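Structure first, commentary second.
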Amino acid sequence: QVQLVESGGGLVQAGGSLRLSCAASGRTFSNYAMGWFRQAPGKEREFVAGISWSGGTTLHANSVKGRFTISRDNAKNTVYLQMNSLKPEDTAVYYCGTKTPWGTYYSESNYDYWGQGTQVTVSS
């Protein structure tokens, strides 16, 4: 079993920044790739960013590239999502997940554990 707890969400004005954290327990964190997804009201969950077990490989969705940065600290069992230049369209519940060894980062079906999510609201 794995427990993931996201934090750091909140209300921010457009152009502002937030840093999300996802703390993991119950598994050897450094063995697994991780990802961030988000889900806006009425929309499907979509890929935001992914990171390999070592942090040596990172991927970001085109919609957030250049504004968001995923990183991890294996000593703290935590993955982060630094979000800068936030836009109203970034408003969503953000989820972190642990990636299985197979498949791409982009599909949520390739993740086996999820946190409860943290709300990010960007006002215009």
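Please read these numbers as outputs of a predicted model, since none were measured by experiment. In this chain, residues are counted from 1 in sequence order.
- Gln119 and Thr121 form a side-chain donor-acceptor contact under 3.5 Å, judged by distance and modelled atom types alone.
- Proximity of the aromatic rings of Trp53 and Phe29 is defined here by a centroid distance below 6.0 angstrom, and this criterion is not met.
- Taking OG1 of Thr98 as the reference point, atom CG of Asn31 lies at 11.5 Å (rounded to 0.5 Å).
- Inter-residue side-chain proximity for Leu86 and Gln13 is flagged as unmet; no heavy-atom pair is nearer than 4.5 Å.
- Glu108 and Asn110 are not linked by any side-chain donor-acceptor pair at a separation below 3.5 angstrom, with hydrogens and angles left out of the test.
- Note on Leu20 and Val12: same hydrophobic cluster, where clusters join Ile, Leu, Val, Met, Phe, Trp and Tyr whose side-chain heavy atoms are under 4.5 Å apart, directly or indirectly.
- Taking the ring axis of Tyr95 as reference, the NZ or CZ atom of Arg45 stays within 45° of it and closer than 6.0 Å to the ring centre.
- Atom CD of residue Glu89 and atom OG of residue Ser63 lie 9.0 Å apart, to the nearest 0.5 angstrom.
- Tyr32 and Val79 fall into different hydrophobic clusters, where Ile, Leu, Val, Met, Phe, Trp and Tyr are joined by side-chain heavy atoms under 4.5 Å apart, directly or via other members.
- The minimum heavy-atom distance linking Ala14 with Pro88 is given by the pair CB-CD, 4.1 Å.
- Between Cys96 and Gln116 there is no side-chain heavy-atom pair separated by less than 4.5 Å.
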Fill in: Evaluation steps, side chain to side chain donor-acceptor pair (under 3.5 Å), between Ser25 and Gln3
CA-CA 5 Å; Ser25 62; Gln3 294 79 45; 3.2 Å; yes

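- Asp112 and Thr100 form no side-chain donor-acceptor contact under 3.5 Å, judged by distance and modelled atom types alone.
- Taking the six-membered ring wherever Trp is involved, the centroid distance between the rings of Tyr105 and Tyr111 does not fall below 6.0 Å.
- The heavy-atom pair separating Thr69 from His60 by the smallest distance is CA-NE2, 3.4 Å.
- The main-chain N or O of Gly103 is found under 3.5 Å from a side-chain atom of Lys99 such that the two form a donor-acceptor pair.
- Expressed to the nearest 0.5 Å, how far OH of Tyr113 lies from CG of Leu4 amounts to 9.5 Å.
- In terms of heavy-atom proximity, Met34 sits nearest to Cys22 at CE-SG, 4.2 Å.
- Among all heavy-atom pairs drawn from Asn74 and Asn77, the shortest one is O-OD1, 3.1 Å.
- Side-chain contact between Leu81 and Phe68 is present, with at least one heavy-atom pair separated by less than 4.5 Å.
- Under the 4.5 Å side-chain contact rule for hydrophobic residues, Val93 and Val122 do not share a cluster.
- Looking at Arg72 and Tyr80, their side chains never come closer than 4.5 Å, going by heavy atoms from C-beta outward.
- For Phe37 and Phe47, the distance between ring centers is under 6.0 angstrom.
- In this structure, Arg19 and Met83 have side chains that are not in contact, with every pair of non-hydrogen atoms separated by 4.5 Å or more.
- For the pair Ile51 and Trp36, the minimum side-chain heavy-atom distance is 4.5 Å or more.
- Between the CG atom of Asp73 and the OG atom of Ser21 there is a distance of 10.5 Å, given to the nearest 0.5 Å.
- At least one donor-acceptor pair closer than 3.5 Å links the side chain of Glu6 to the backbone N or O of Gly117.
- Residues Asn84 and Gln82 approach most closely at OD1-NE2, 2.9 Å, considering heavy atoms.
- Looking at every heavy atom in both residues, Leu11 comes nearest to Ser123 through CD1-CB, 4.4 Å.
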